Each structure stands twice: as C-alpha cells, then as structure tokens.
Asker: 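The structure follows.
Keep in mind the model is a prediction, meaning the values are calculated, not measured. Atoms considered below: every heavy atom in the structure, side chains included; atoms not considered: hydrogens, waters and symmetry mates.
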Amino acid sequence: MMQERININVSAIDYENTSKAIISTLGNVEKMVHGENDFIVTDSEFAFGWHFYVVCVNKSLVKRLSDQMGPDFEKIKGKGLEHKFLTWLSDKVSQKNLKVKLAIKEEMESSKFGIF
C-alpha cells in the first residue's frame, strides 16, 4: 500500500550541511518512534546560488512524532499536522545556523509566487 507522504520543498545555500541536518533530525525521530525507511531526501538542483531539493516523509512517522510529543506538538505554530511538522523541522534545522527555507511542495506549486 502506498504510504501517505508529506513532501517538503527545501531551498538551501548549503546542500551538504542542510541535507545532513535534516537526515540526522529525521533519523532521530525514526529511532524515537521505532520507524524505519520513513523518509527520503532527493538530490538537489542548483539555481540562483541556491540548492533546491525535496524531503518526502511518511505521514505515519509524523503522526507517531506528534503522539509522542503530545501537548508540546499541539503548541507548535501551524494549522494541522503538516504545518506543525514543517515548523518543528525548520526550528530543528535552523538551530544549526543553516540558511534554509522549507515549504509544503503541493502548496508551493499552487502558489502564484514562484520559487520564493
């Protein structure tokens, strides 16, 4: 059965370190909630001095994270599971002082603002 996924567009100056930070953060989540192979990070495309890539995360992993965090997850800024997760992941990665922007892929594609 196809897993439901949250697809996140990542724009970063530094692919190497941002992708490492995202992979280690999500790897820790997997350990915490006993997930396995619950996310993928694509290769990047480089344009305008930025790297663009996609992180696909199984919704089941995010649900388990939110269950585990309980009320703390509810307090995170954002409407619904996906946006709260986006905020949570952004916070984790930006703690490492990396210049990175995250957005829900489907929403970006329907937006009239283009890349940024």
Asker: So which atom in Gln68 and which in Met32 form the shortest heavy-atom distance, rounded to 0.1 Å?
Answerer: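 Scanning both residues completely, I find the closest heavy atoms to be OE1-O, 3.5 Å.
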Asker: How many angstroms lie between CG in Leu98 and OG in Ser90, if you round to the nearest 0.5 Å?
Answerer: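 Output value for this atom pair is 12.0 Å.
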Asker: Under 3.5 Å, which donor-acceptor pairs link side chains of residues 72-83 to any protein atom two or more places apart or in another chain?
Answerer:
| from | atom 1 | to | atom 2 | distance (Å) |
| --- | --- | --- | --- | --- |
| Asp72 | OD1 | Lys75 | NZ | 3.4 |
| Glu82 | OE2 | Lys59 | NZ | 3.1 |
| His83 | ND1 | Lys79 | O | 3.0 |
| His83 | NE2 | Glu107 | OE1 | 3.1 |
| His83 | NE2 | Glu107 | OE2 | 3.2 |

Asker: Taking the six-membered ring of Trp50 as reference, does the cationic atom of Lys101 (NZ for Lys, CZ for Arg) lie under 6.0 Å from its centre and within 45° of its axis?
Answerer: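 Lys101 over Trp50 ring: yes.
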Asker: Would Lys105 and Val54 count as a side-chain contact (heavy atoms from CB on, under 4.5 Å) if you check the C-alpha gap in whole Å, the side-chain angles of each, and the deciding distance to 0.1 Å?
Answerer: CA-CA 8 Å; Lys105 187 168 163 48; Val54 181; 4.0 Å; yes
Asker: Is there a path of hydrophobic side-chain contacts, each under 4.5 Å between heavy atoms, that joins Ile104 and Ile40?
Answerer: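 No, it is not one cluster - the side chains of Ile104 and Ile40 are not joined through contacts under 4.5 Å.
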Asker: Which pair of non-hydrogen atoms, one from Arg64 and one from Val33, has the smallest distance, and what is that distance?
Answerer: NE-O, 3.5 Å
Asker: Does Glu36 CD have over 12 foreign heavy atoms under 6.0 Å away?
Answerer: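 Incorrect, the count does not exceed 12.
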Asker: Please evaluate residues Leu86 and Ile8 with respect to the criterion side-chain contact (heavy atoms from CB on, under 4.5 Å), reporting the C-alpha separation (whole Å), side-chain torsions for both, the decisive distance (0.1 Å), and the verdict.
Answerer: CA-CA 8 Å; Leu86 196 70; Ile8 298 168; 3.7 Å; yes
Asker: Can you measure from CG (Asp43) to NE2 (His51) and round to the nearest 0.5 angstrom?
Answerer: 11.5 Å
Asker: Please evaluate residues Ser11 and Val100 with respect to the criterion side-chain contact (heavy atoms from CB on, under 4.5 Å), reporting the C-alpha separation (whole Å), side-chain torsions for both, the decisive distance (0.1 Å), and the verdict.
Answerer: CA-CA 6 Å; Ser11 322; Val100 65; over 6 Å; no
Asker: So Trp88 and Phe85, would you call those rings parallel, tilted or perpendicular, with 30° and 60° as cut-offs?
Answerer: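 Because their plane-to-plane angle is under 30°, the rings of Trp88 and Phe85 count as parallel.
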Asker: Going from CG on Leu65 to CG on Asp38, what distance comes out if it is rounded to the nearest 0.5 angstrom?
Answerer: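 Going from the CG atom of Leu65 to the CG atom of Asp38 covers 11.5 Å.
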Asker: Set out, in order, the CA-CA distance, both residues' side-chain angles and the distance that settles side-chain contact (heavy atoms from CB on, under 4.5 Å) for Val57 and Val55, then state yes or no.
Answerer: CA-CA 6 Å; Val57 185; Val55 178; 3.7 Å; yes
Asker: Identify each donor-acceptor pair in which a side-chain atom of residues 16-28 lies under 3.5 Å from a protein atom, sequence neighbours left out, and give them as a table.
Answerer:
| from | atom 1 | to | atom 2 | distance (Å) |
| --- | --- | --- | --- | --- |
| Glu16 | OE2 | Lys20 | NZ | 3.4 |
| Asn17 | ND2 | Asp14 | OD2 | 2.8 |
| Thr18 | OG1 | Asp14 | O | 2.7 |
| Thr18 | OG1 | Tyr15 | O | 3.3 |
| Thr18 | OG1 | Tyr53 | OH | 2.7 |
| Ser19 | OG | Tyr15 | O | 2.7 |
| Ser19 | OG | Glu16 | O | 3.1 |
| Ser24 | OG | Ala21 | O | 3.3 |
| Thr25 | OG1 | Ala21 | O | 2.7 |
| Asn28 | ND2 | Ser24 | O | 3.3 |

Asker: For Asn7 and Glu106, which I'm curious about, is there any donor-acceptor pair between the side chains at under 3.5 Å?
Answerer: yes
